[in-house]
Structures are given as structure tokens and as C-alpha cells.
Amino acid sequence: MRLTPCAPYCLVDGKLVEAAPSEEEIKRKVEAVFGDLSGEEKKLLTYWVSLLEAAQPRFKYLSLDIEVLSPVSTRVPSPTKARDKVVAAALIGSDGRREVYLLKTPGFKEPKCDQFEAKIYEDESQMLREIFRVIDSYPVVATFNGDDFDMPYLRHRGEVLNIPREQIPISLGREGASLKHGIHIDLYKLFMNRSIQVYAFDNRYREHTLGAIAQALLGKGKIEIEKPIGELTTEELARYCFQDALLVHELLTSDNELLLKLLVVLSRISKMPIEDACRHGVSGWIKSLLYFEHRKRGCLIPRSDELIEEKGVISTKAVIEGKKYRGAIVVDPVPGVHFTVTVLDFSSLYPSVLKEWNLSYETARCPHQECRNNVVPETTHWICRKRRGIQSEVIGCLRDIRVRWYKPKSSDPNVPEAQRRWYSVVQRALKVFLNAAYGVFGFEEFPLYCPPVAESTAAIARYAFKKAVEKASELGVEVLYGDTDSLFLKTTNEHVINELVAWVKKELNLDLEIDKRYRYIVFSQRKKNYLGVTDKGVVDVKGLTGKKSHIPSFIKDAFEEMLKILGEVKSEGEFEEAKMKIAEILKSKYYTLKKGEYNLEDLSFKVMLSKGVDKYVKTTPPHVKAARKLINKGIQVVPGDIIAYVKTKDSDGVEPLELARKDQVDVDKYIEYLMSTFEQVLDALGIDFDRIVGITSLEYFM
DNA sequence: ACCTCTGGCTGGATAT
DNA sequence: ATATCCAGCCAG
């Protein structure tokens, strides 16, 4: 059975039920939260709220992983030919199923394990038929990379073994592998999705392998094996395969089944079946949503060549060479330490601009002569006054729901914990859509590509931002820093802040609100680089080198130690003591390096290879040099891999971690990195770096 | 195969 | 020696 995802129905205990709360109930809730809006707006909001508040289906789900035995251990088994035997398959179900299917091969030994039930088969065909029967009994099956390996392999292997097609529940399509009676979720594709990575998982994983993702999210990884599959004992093989399926299972289960819930919400917003939603990026979701809105209104969807012909105009110049149009403003920070700072944020600035200025591909540069004087500041674009823009309406509506409904409820202490988690899931899903809704219009491959929309959004946001900065100055408040939609003000005067907020609401009809208060904040001369301690004692670090993911942990740890000390500083007077302690940290790290009391792992940089090694033709960055050395040793390296390397005194200056020796380390280079990392904070604190180092060097030589 | 955008920092490679 | 470009990572 295929369900239309946009209808708020769901399966509960195998039965299809209407999941939407009653119309009365929704109307009452909408009235309570959005009572001040117009009847027209409330009608739209009612539709979205009833969709988003619809009950969540509870799925029975299965996690699957298979192992194939190739006679040549270096050859990767081909999923299209499926010549090699499937020797193991682990199946883990949300209903408690924990099974490993094993094929009796030469050297087979009965495995002992209490974690799972071992099911042993003499005949591969019989084993596969049994596995197919289990797969077919679940509505949702999850794999890691099942689209490209496990599913096509099982399908083709089944065909090779002459299993009748109707007994194989897997169908292969252009976009991936599907099930005849269920949904197949390929976690590899899903975790690859940048939006999922950044918004759902807060960028907590970097590498797109099952081991790395599980390690980052669950705190446990794959079972390490040194031998090829064929040389494992039966028990080792079973445990290895089981662990992989278990990781997949726990990724689905963790955080109260967050991933599955998120998929349902994304599917409902994007009007895509879940299977499609997990195989498309955010541009696909938004395309699907906007197409749906066109069809609902009976509107024609323009061809992209027509759209570009009419609306391909760009009228601003980007600050950065090579970009298409001008983006946001970043205010030069006032260097130094500042106490009592308040940060104000425009909530959802870009979506708000889209909404308030009626921005949409059909309203930007509309055909009406009368609208031509409704000009977007700093551009040659004008915006329609006669008709409501589709995108403006849809995104505006989602914005209102996120800002006024889900965001506040997700952190409301009066809401029960479980309910709050649910609000936070929806809130995050909405954020994905809102953030991308602007960007896709500046993306050439997007089918509704319309640069005037992206350009106007950024231009109006700059206009609003500048006005707010001006007003703050008028009110006598110093603006210490600002980036895109935030203002860092040197005041805690509530009266003045309220005045500014009220002015922005009245003049621009935008919501400016207090984001956080800093006990103190440290700026260098650099933009997008600061360190602050909030009124709650939380240390916020933005952009500083010491926080970046590729930096050696030796340096990161030293940096963290410094942050801990800075987090305890409450007043200006306490800085002196903190400075002394920080100097001590630096000295001790310096000695550690000089004495060689480190391990290579802690000194390794970890940088991602963004393309194939042979694709780096213009320059050869250090991590690529290291990757080449790995290849020379016969170690495989592919795009997306993270290369760990240490800086050495040899001719090319780098050595992959796996091949490096301690005596090769270029200690002075590391001292340089340590210095430059700390300098970003210390020069703003007024600590004379050279003096500390000068003393330490002197001490060292004495 | 996949890909929302611009602005800004760093270190190192390469060109002048 | 110095300026410019490339690549990676991050802020918003």
C-alpha cells in the first residue's frame, strides 16, 4: 500500500487511522498562538499545524547487514554479478529479533554467542529464501549503503541461485534499492546529506562511514578486524556482521527514534514519500514542496530556461571574487575585552524578509509597469504589489510556525519532556527548510533558479541590518560587532534594548530579540572569530583555530585548558590571575613538545580529502602529499577519507600518521602552531606572547 | 554521485 | 622575498 505522505494519516498497530487532531482542536490552538494575524493567514497556518501536529506512526523496523566471501580477498564483490557466496547476514528488528544467518563453509565452527541467535544453513539458496521472508515481514528495512551493495547483491544473488523473482522482495530502481512491500532506508545516503549532518546532528560526525558516524553519535564503532573476511573464524565473522547491523539499529533507535521521526516530518513537509525524502538533498525537498503548492493552486510550473531568460539578471557585485552576488554584512569587531555585552538577533531574518517583502520568483521583476517603483535597495530589482508570491507565502507560514509555535515550546519547562523533544524535532526540520529556502534560488541547478530572489533577500537583509545598527548608535549604544543578523551591543540597559526592538518591529516589521548576554567577550581584529563567557558561565568559541576539527588534539587540548580558565573569570580583576595560569599552560606544553613527551596521534592533523588524489592539479596541499604516500604503500584512499598526518623535518614536510616515526617530527613547527592558535586570544587579552615564549626559551636553554 | 547561499580565516603552494 | 591563489574549515 502506498500512502500519500501529505495526508495526515498514519499506521498504528497495522491499521490506517486518520492522524490529525480534530479541526476544532487545531482552530483553537491556532487562535491561541496566532490570534493577531489575518483570517487568510490563519487559514494557511491551520493547514500546516494540522499536518505537523498529526500523530506519528510507529514503525516496526529491521536493520540488515550482509557479508560476502570473495575468493580473492582484495577484490570487492560485484553486486551486479553476485558471483560470490553470501556467508553471513545479520538481522536486527525493533521487535526484538536478533539473528545472524550463517552459511556452512569449509572450516565452519559453531559460534558461541549470547548476543544473538545463530541460524546455520548448509544451502545458500535456502538461507536467502529465509532472509527474504523476514525482510518481507517488515514495513521498514534499514541498511548502511544498502542501495549500492547489500540490496542489489541479495537481489542478484537470489537470481543467480534461481530463486523465483516473486520470492525476492527487493526491487532495484534508478534512485536506489526499494522493497516490494516496504520502505528501504539507506543510512549512508541519509547521513551524507549535509542538512541532516548539520541540523539534525549538529555536525557531530565528519566522515561518512558507519564506523565514524556510530563512534560520533553512539560512542561505539565497528569491530576491528585485521584479516580478510575469508580468514575469520565463524564466530568472528558472526560478531563482526552482527555489530554492523547493531550500529544501524541503534542509529535508528537513539534519541528516542529521532531519525525516523525526522524522516516522517520531512516527508510531510516536502510532500515526498519517505523513501524519496531520504535519497534527496534539501533542494529536492524544496522543489517537491513548491511544485506541490503550484499544483494545489492550479498554476503552471515554469521551465527553467524561460525563467532564466526573464529573470537571469544580477545587479550587485559580490565581495568575494567568483561569487554571483553580494551577501551579508560583517561588522569589524572592536578588538579587546568587553564586559556586559548583549547580543540581539533578528529571528529567522532571511525567511522573514521573504515573507515581509513578498519575495518569490514570480513577484521579483514582475511584468506590471505599476510595480516598477517598488525597488529593492542597492539593486535594480522591483517586487510585485498585486499578487502574493507562492514562496513568500509558504516560507512565511513555516517561519511563523517555527518562531511562534515550535521554537518556544521546544524549550518551555512547562511542557512535558517527551513532548518537548517532539517539538524540537519539528523545530529542527523546519529550520532545514527555512535556511535552504533562500539559498536554492541562487543555485544554478535548482529548477526554479532565480538570482533576483536570492539577491533581493540578501540586499533587504543588509538594509534592515544597517538600519538597526544606525538606530543603535542613535540610541547611544556602541555596536561592538555584528554578522548578518546579529548585533553585539555594549550595554545591558534593558530600556534602550527594548526601544531598539520596538523600533525595528515598527519600522521594519521584523523580530529582533535578545539572543544571549555575555559576562565578557574577547574580540581580536578578525571577523567571525571570538570567545565569550555567557551570563550562565558557558564558554562560547566561534571560528578560532583551536576549535577547528582538523587541528591536532595536542593543540586542541591546550586550547580547552585555556578556555576552562577563562570560563571562571568573573570580573576584570580576575583576569590577571587567569593570564598567569594561561602562561603556565603554554610553558608546560612547550616543554612537553621540546622533551618529546607526546604521541604521534596527538600531533596529527586530520584533513578531509574532498576529491580523488589525482584531481589535485593546481596545488598539492599537505594532506594530499600524505595521501600519495599512503597510496605508494598500497593503502587505498578515496574522496571523503580523512587523512591523518604529522609535520616532519623531511624534504616534503609531512608523513601519514600510519607511517610516521617520532624522531621525524618537526617540533618547532608545532610550537609555531601552538603559538599562533593561542595568539588569536592572547593578543586581545593584552598578554605579550613573545615575552612568555622568550622566558620559556631562555629557561629551556639554561 | 552528489551538490542551498555568501563572507572570512588559516596555512601552504605557486607565480612573480 | 613577496603577492596571489588554492583548499579546508567555519559563521551565519
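Each chain gets a letter, A, B and so on, in the order the sequences are listed, and its residues count up from 1. Not measured: the values here are computed from a predicted model.
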Exercise. For A:L434 and C:dG12, what is the distance between atoms CG and P respectively, to the nearest whole Å?
Worked result: 18 Å

Problem set entry | Length of the line joining A:D485:CG and B:dC5:P, which is rounded to integer Å | 19 Å

Exercise. Does A:Y530 have its ring centroid less than 6.0 Å away from the ring centroid of A:F488?
Worked result: yes

For this session: Decide yes or no for A:P333 and A:R526: does some side-chain heavy atom of the first lie under 4.5 Å from some side-chain heavy atom of the second?
Result: no

Problem set entry | Global bending angle along the helix from B:dC5-C:dG12 to B:dT16-C:dA1, which compares the axes of five pairs at either end, to 10 degrees | 20°

For this session: Determine the contact category for A:K287: base if any of its heavy atoms lies under 4.0 Å from a base atom, sugar-phosphate if only primed atoms, P, OP1 or OP2 are that close, otherwise nothing.
Result: nothing

Exercise. If each of A:T619 and A:Q525 is mapped to the nucleotide of DNA chain B with the nearest heavy atom, which maps nearer the 5' terminus, i.e. the 5' end?
Worked result: A:Q525

Exercise. Can you check the A:K618 NZ to C:dA7 C1' distance for me, whole Å?
Worked result: 11 Å

Seminar exercise, completed: A:H623 NE2 to B:dA13 C1', in whole Å, measures 13 Å

For this session: Give one of base, sugar-phosphate or nothing for A:K528, where a contact means two heavy atoms less than 4.0 Å apart.
Result: base

Exercise. Which part of the nucleic acid, if any, lies within reach of A:K317 when heavy atoms closer than 4.0 Å are counted: base, sugar-phosphate only, or nothing?
Worked result: nothing

Exercise. Taking 4.0 angstrom as the limit, do A:D147 and A:R279 come out as a salt bridge?
Worked result: yes

Seminar exercise, completed: Residue set satisfying ring pair (Phe, Tyr, Trp, His ring centres under 6.0 Å) with A:Y291, at least two apart, ordered chain then number -> none

Exercise. Would you say A:H623 and A:R628 make side-chain contact, with heavy atoms under 4.5 Å?
Worked result: no

Problem set entry | Rounded distance (Å) that lies between atom C1' of C:dG12 and atom CG of A:L344 | 16 Å

For this session: Mind calculating the distance between CD (A:E672) and C1' (B:dT10) to the nearest angstrom?
Result: 13 Å

For this session: With heavy atoms under 4.0 Å as the rule, sort A:F605 into base, sugar-phosphate or nothing.
Result: nothing

Exercise. Where the side chain of A:D483 is concerned, which of C:dG12, C:dC10, B:dT4 is the nearest nucleotide?
Worked result: C:dG12

Seminar exercise, completed: A:Y616 has its side chain closest, among B:dT10, C:dC9, C:dG8, to C:dG8

Exercise. Do A:Y449 and A:F443 have their ring centres less than 6.0 Å from each other?
Worked result: no

Exercise. Given the P atoms of C:dG12 and B:dC3, what is the spacing between them in whole Å?
Worked result: 26 Å

Exercise. Which part of the nucleic acid, if any, lies within contact of A:K548, taking any heavy atom under 4.0 Å across all strands shown: a base, the sugar-phosphate backbone alone, or nothing?
Worked result: base

Exercise. How about A:F678 and A:Y673: are their ring centroids closer than 6.0 Å?
Worked result: no

Problem set entry | For DNA chain B, the residues among residues 192-207 of chain A that have a non-hydrogen atom under 4.0 Å from it | none

For this session: Anything under 30° is parallel, anything over 60° is perpendicular, the rest tilted; go ahead and classify A:Y645 against A:F605.
Result: parallel

Seminar exercise, completed: Side-chain atoms of A:P622 come closest, of C:dC10, B:dG12, B:dG7, to B:dG12

Exercise. Looking across every strand, which nucleic acid part, if any, lies under 4.0 Å from A:A454 by heavy atom: base, sugar-phosphate, or nothing?
Worked result: nothing

For this session: Would you mind classifying the nucleic acid contact of A:T457 as base, sugar-phosphate or nothing, using non-hydrogen atoms under 4.0 angstrom?
Result: nothing

Exercise. Which part of the nucleic acid, if any, lies within reach of A:K615 when heavy atoms closer than 4.0 Å are counted: base, sugar-phosphate only, or nothing?
Worked result: nothing

For this session: Go through residues 318-326 of chain A and report each residue with a non-hydrogen atom lying under 4.0 Å from DNA chain B, sorted by number.
Result: A:A318, A:V319, A:I320, A:K323, A:K324, A:Y325, A:R326

Exercise. Strictly under 6.0 Å, is that where the ring centroids of A:Y361 and A:H381 end up?
Worked result: no

When the side chains of residues 479-486 of chain A are checked against the rest of the protein, which donor-acceptor pairs come out under 3.5 Å, sequence neighbours left out?
| from | atom 1 | to | atom 2 | distance (Å) |
| --- | --- | --- | --- | --- |
| A:Y481 | OH | A:K528 | N | 2.9 |
| A:D483 | OD1 | A:K528 | NZ | 3.4 |
| A:D483 | OD2 | A:K528 | NZ | 2.8 |
| A:S486 | OG | A:D483 | N | 3.3 |
| A:S486 | OG | A:D483 | O | 3.3 |

Exercise. Parallel, tilted or perpendicular: which describes the rings of A:Y205 and A:H208, with under 30° parallel and over 60° perpendicular?
Worked result: perpendicular

For this session: Decide if atom NZ of A:K287 counts as having more than 12 heavy atoms of other residues, nucleotides or ligands within a radius under 6.0 Å.
Result: no

Exercise. Do the side chains of A:C278 and A:L263 get nearer than 4.5 Å, heavy atoms only?
Worked result: yes

Problem set entry | Nucleic acid contacts - residues 442-453 of chain A versus DNA chain B, non-hydrogen atoms under 4.0 Å | A:G442, A:F443

Exercise. So do A:L508 and A:Y463 actually touch side chain to side chain, heavy atoms under 4.5 Å?
Worked result: yes

Exercise. How would you label the contact of A:G439 with the nucleic acid (heavy atoms, under 4.0 Å): base, sugar-phosphate, or nothing?
Worked result: base

Problem set entry | For atom OH of A:Y361 and atom P of B:dC5, their distance in whole Å | 20 Å

For this session: Select one nucleotide: of B:dG7, B:dT4, B:dC9, the one nearest the side-chain heavy atoms of A:V330.
Result: B:dG7

Problem set entry | Axial cation check for A:W48 ring with A:K271, 6.0 Å and 45° limits | yes

For this session: Write down the distance between NZ (A:K516) and C1' (C:dA11), rounded to a whole number of angstrom.
Result: 12 Å

For this session: Flag the pair A:F201 / A:F191 as yes when their ring centroid distance falls below 6.0 Å, and as no otherwise.
Result: yes

Exercise. Between A:K647 and B:dG11, does any side-chain N or O lie under 4.0 Å from OP1 or OP2?
Worked result: no

